[in-house]
Number of protein chains: 4
Amino acid sequence: MLNRVILIGRLTRDPELRYTTSGIAVATFALAVERPFTNQSGERDVDFIDIVIWRKLAETCANHLGKGRLVAVEGRLQTRSYDDSNGIRRKAVEVVADSVRFLDWPKNTSSSNDYDDQEFNGFDDDIDVPF
Amino acid sequence: MLNRVILIGRLTRDPELRYTTSGIAVATFALAVERPFTNQSGERDVDFIDIVIWRKLAETCANHLGKGRLVAVEGRLQTRSYDDSNGIRRKAVEVVADSVRFLDWPKNTSSSNDYDDQEFNGFDDDIDVPF
Amino acid sequence: MLNRVILIGRLTRDPELRYTTSGIAVATFALAVERPFTNQSGERDVDFIDIVIWRKLAETCANHLGKGRLVAVEGRLQTRSYDDSNGIRRKAVEVVADSVRFLDWPKNTSSSNDYDDQEFNGFDDDIDVPF
Amino acid sequence: MLNRVILIGRLTRDPELRYTTSGIAVATFALAVERPFTNQSGERDVDFIDIVIWRKLAETCANHLGKGRLVAVEGRLQTRSYDDSNGIRRKAVEVVADSVRFLDWPKNTSSSNDYDDQEFNGFDDDIDVPF
DNA sequence: TTTT
DNA sequence: TTTT
């Protein structure tokens with residue numbers, strides 16, 4: 001009845017953009033989210049959390065984000081069952097994002113993904129940059 | 001770097017309480033969380049989310065909660081790899097709760113789990129009842 | 001850039017429903033939110049937080065909620081300056097809710113506010129009942 | 001009963017650090033949080049939200065943060081009544097933070113506040129840096 | 001499969 | 001101005 005997730009972390013890879021047969025854009029990536037505290041061996045554990053994004057926000061993320069970028073993601077936790085390529089039944093738990101904020105800037109300016117066409121994205125297509 | 005999950009839902013079964021070899025209590029249960037909107041077939045989909053609770057809060061939940069009870073859970077999303085009983089590698093995604101609030105009362109008063117010994121539970125052992 | 005508030009508490013009074021000159025509905029009420037821990041004198045302090053709701057969700061809340069009802073509110077913190085009736089400049093800090101979930105049922109069935117016309121409310125008009 | 005606020009924004013001024021008569025550190029600052037959407041005049045409104053931080057985290061923030069710095073703050077909304085310097089009764093609404101994450105780096109290296117003594121801060125003294 |  |  002209430003389901004809210006807020007994460008800050010870095011993309012482990014470039015977003016993948018796909019389209020449903022009905023033409024709806026879906027972007028997926030994983031977020032590396034460091035735990036606040038160090039473990040017994042003095043390191044910070046990291047949680048790798050799958051993010052799913054729909055529609056225009058999916059395309060904006062695919063166009064502007066890349067591996068290593070720092071983002072804040074808001075969304076809801078979703079569970080889903082599927083059969084993997086070996087026919088094994090698996091449960092997916094992922095965050096369906098309704099908002100993604102960019103918290104840093106691209107490392108090099110030669111990237112094909114940059115901020116040229118940053119624009120307002122409507123209500124559930126909520127994006128922002130950190131200045 | 002920031003990882004916060006807030007859920008309201010109902011327990012799909014009674015909590016399971018176990019202890020680590022070093023004697024720390026761990027409770028687990030799943031929460032059924034209805035999506036806010038109906039799907040194409042007019043029904044509300046439900047996400048089943050695994051919850052993990054440690055220490056004194058684990059024991060309080062095991063003592064007072066049961067299948068069907070309505071709770072608000074606050075915690076963080078955690079990912080974990082393990083091999084299932086068939087030796088298949090799986091990824092667990094669960095919410096490690098640091099706060100659980102009881103939002104309703106037990107259905108029948110003959111339950112062994114009731115509110116007799118409700119008490120304050122310390123900082124990360126945060127529990128409350130709705131009145 | 002990110003602004004999220006999630007509260008569970010009880011209405012301190014019936015919602016007030018007003019309309020802007022352009023005809024948009026606005027409901028306001030205050031939420032009594034108990035702190036999780038008791039203070040030095042053994043009591044729980046309570047925070048009284050002003051809630052503002054717009055459009056259809058405002059009307060749904062005005063129709064179905066009343067003093068004492070338990071709700072979960074999601075929204076954003078908003079600040080606003082105004083002059084009070086004595087001409088003193090004041091700063092209002094309130095939560096603009098985009099989602100309200102009803103977590104209990106009306107105490108008596110003779111109330112004019114009930115669940116007769118409960119219905120789905122669109123994306124930013126997000127309402128639900130606890131069963 | 002549940003009270004959670006998560007904000008990302010920039011400090012409008014350097015933190016002020018004070019001590020209670022019993023010697024407990026308290027830091028205060030305001031956070032400028034841009035709204036996600038532009039208003040009728042095409043600008044983004046900004047909410048100015050007062051933040052209060054206690055104990056060791058207060059000192060860490062006072063030592064390392066300054067005007068303009070970007071942070072993620074987690075905490076709870078608190079209300080409080082007081083009389084201002086003119087004897088006018090006022091209501092303060094502020095966020096008591098239990099976690100502050102630094103999301104950028106100091107603008108110039110000549111600042112007296114830097115990252116020399118960054119360290120782990122215990123459970124409710126939760127601080128982190130973005131790399 | 002994993003980010004700085 | 002304050003809820004159970």
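Chain naming here is simple, since letters A, B, ... match the order of the sequence lines and numbering starts at 1 in each.
With 3.5 Å as the limit, one finds a donor-acceptor pair spanning the side chains of A/Gln78 and A/Arg76. For C/Arg101 and C/Ser99, the side-chain atoms include at least one donor-acceptor pair closer than 3.5 Å.
We find that CZ of B/Arg101 is positioned 15 Å from C1' of F/dT4, with the value rounded to whole Å. D/Lys91 has its NZ atom 9 Å from the C1' atom of F/dT2, to the nearest Å. Rounded to an integer number of Å, the gap from CZ of A/Phe48 to P of E/dT3 is 7 Å. Between the CG atom of A/Leu70 and the P atom of E/dT3 there is a distance of 15 Å, given to the nearest Å. Summarising the geometry, the separation between CG on D/Asn3 and P on F/dT3 is reported as 18 Å, rounded to the nearest angstrom. Note: NZ (A/Lys67) to P (E/dT2) measures 10 Å, nearest angstrom. Atoms CD1 (A/Ile8) and P (E/dT3) sit 19 Å apart, rounded to a whole Å. When rounded to the nearest whole Å, the span between CD of C/Glu43 and P of F/dT4 equals 17 Å.
Contact annotation for C/Val46: base contact, defined as any heavy-atom pair under 4.0 Å involving a base atom. Among the heavy atoms of the strands, none lies under 4.0 Å from C/Gly9.
Distance from the side chain of A/Arg10 is smallest to E/dT3 among E/dT3, F/dT3, F/dT2. Of the candidates F/dT4, E/dT2, E/dT3, the closest approach to any side-chain atom of A/Arg13 belongs to E/dT2.
Looking at residues two or more places apart in sequence or on another chain, you find no side chain to side chain donor-acceptor pair (under 3.5 Å) involving C/Arg13. Among residues two or more places apart in sequence or in another chain, the side chain to side chain donor-acceptor pair (under 3.5 Å) test is passed with A/Asp50 by none.
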